Structures are given as structure tokens and as C-alpha cells.
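Step one of this worksheet: look at the structure below.
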Amino acid sequence: MDTANQDINLNSPHKGLGSDSISDLPEERGAAAVSPGTLPPGLTEEEAEELRLELTKVEEEINTLRQVLSAKERHASELKRKLGLSPLTEFKQNITKSWQDVQTSNAYVTMSEKLGQWNEKVKGCDIYLSASSTLDDITSSEVYKKTQETLSQAGQKTSAALSTVGTAISRKLGDMRNSPTFKSFEDKVGNIKYKVVGGKANGESAHSPNESEPAQENAPF
């Protein structure tokens, strides 16, 4: 056997393979693709080979962990489906839990305490007390009370005036309906409706071309 065609390093992942078999393998990348001529300074070939082997093992472990994680995620999804937990329900639960975590966090508690202290300081300062006192004086002053009474009386008068106008309009409409002119107009509209609708109901034309138009009984309105 020609030893030149074999990998001289027994720890190599390609040991026992000939040069033809090695040439058929896919091109390696990363640390496994480092050749002796491109090794970093201070790194020997033996150390580089150990690092390649360790990298291969780590990558295999990563792939295994990915497969395990994918299987666990599918199992978790199946359990959620059986429990009736939809993605929207899970999202709401996550939002609620996140808000609870925020409320119990040290930063939120500290900020709430500071805001409470600032509120007490603002209420106790001279400017706030002076403004509150001024507002109380204004609301209890005679001018304010008179203005409030005037506005109230104006509102009542406006409501009464609108009510009176509405009553007058209703009365005027009632008088118009009871007037002889409106009744005469209503009778004429009724006669026209009877002639049009009644003639069609009896199979007769309202205006036959072979019949003369009847004389009007009443004078035009």
C-alpha cells in the first residue's frame, strides 16, 4: 500500500481515505479549512488539528441540540393546542405578566416613590397654596356668584322663549288646517286622487283620448 496516499495523522477525520476520496469531499470552511501555510503565528499543525476536531464535535453538539429543541417546541405546541391556548391568549398572558414584572421592578417602585414625593412638594409649595387660595376666593366672591346667577337666568329665559315660539308655531299650523282655504285645497287634492287611483282600480284610464275632459265643478284654487 502506498503510504503517500494515506493521511499521516491518525486523529484526522479523513484517516484511512486516499487522496482521491479526499478530493471528493466538500470544501471545508472555518478552522477546518486552515492549511499549514496559513496557520496563525505561534500555532502548530498539531494544535490546529486538535482545534479542528474540537470544532467538529461542538458543531455536532449544536446540531443535536437544535434537533432536541425543535422536538420540544413541537411537543409544547401540541400541549398548548390540547389546553386550548391560542397564540392570542398566550400573547395576552405574556403582556399581563410583563406589566406585573414592571410594576414590581425596583425602577418602577423607585419612580413611583419619587413622583409621590414631588406631588407632596408641589402641593406644599407657596405658589400652589396661593393659587388654591385665590381660586377659592374667586368662587366665593359676590361677582362670581352674580355672574353665575345671571348666566342661569339667561339660560332659563332662552329655554322659555324657545318653548313659546314652538307653541305659537304649533297653534298657527292648527289654525291653518282648520281654515276654509286649506280645507278647500285638501278636498281638491282628494278628488284628484280619487279620479286617478279610482279610475285605475276599475280598469279605466284617468285621461282617455276618446272621452272629453269633464268640466271642473269648482273654480281653480
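Hydrogens, waters and symmetry mates are skipped; everything else that's a heavy atom, side chains included, is used. Given the structure is predicted, the values throughout are model-derived calculations rather than measurements. Residues: numbered from 1 along the sequence shown.
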Quick check against the 3.5 Å criterion: does [X] have a side-chain atom that pairs as donor or acceptor with the backbone of [Y]?
X    : Y    : answer
S163 : A160 : no
N94  : E90  : yes
S152 : Q148 : no
S70  : Q67  : no
S105 : V102 : yes

Legend entry - Polar side chain donor-acceptor pair, T164 to T167, under 3.5 angstrom: no
Give, for atom [atom1] of [X] and atom [atom2] of [Y], the distance between the pair rounded to the nearest 0.5 Å.
X    : Y    : atom1 : atom2 : answer
K82  : S77  : NZ    : OG    : 12.0 Å
Y108 : Q100 : OH    : CD    : 12.0 Å
N106 : M111 : CG    : CE    : 13.0 Å
I169 : R171 : CD1   : CZ    : 11.0 Å
I138 : K145 : CD1   : NZ    : 14.0 Å

Legend entry - Heavy-atom pair of closest approach, residues V109 and Q103: CG2-O, 3.8 Å
Inset, instruction - Please step through side-chain contact (heavy atoms from CB on, under 4.5 Å) for the pair L162 and T158, ending with a clear verdict. - result: CA-CA 6 Å; L162 292 175; T158 302; 4.3 Å; yes
Inset, instruction - Following the transitive rule for hydrophobic clusters with a side-chain heavy-atom cut-off under 4.5 Å over Ile, Leu, Val, Met, Phe, Trp and Tyr, establish whether V165 and L173 coincide in one cluster. - result: yes
Legend entry - Heavy-atom neighbours of E47 CD exceed 12 at 6.0 Å: yes
Inset, instruction - Determine the sole option in E59, E46, E45 for which the salt bridge (charged side-chain N to carboxylate O under 4.0 Å, His left out) test with R52 is passed. - result: E45
Legend entry - Heavy-atom side-chain proximity of L51 to L43 below 4.5 angstrom: yes
Inset, instruction - Kindly indicate whether the side chain of Y144, heavy atoms from C-beta on, has any atom under 4.5 Å from the side chain of T147. - result: no
Legend entry - R81 bridged to E78 by N-O distance under 4.0 Å: yes
Inset, instruction - Would you sort out whether L85 and Q93 count as a side-chain contact (heavy atoms from CB on, under 4.5 Å), showing the intermediate values? - result: CA-CA 10 Å; L85 298 177; Q93 291 177 352; 4.3 Å; yes
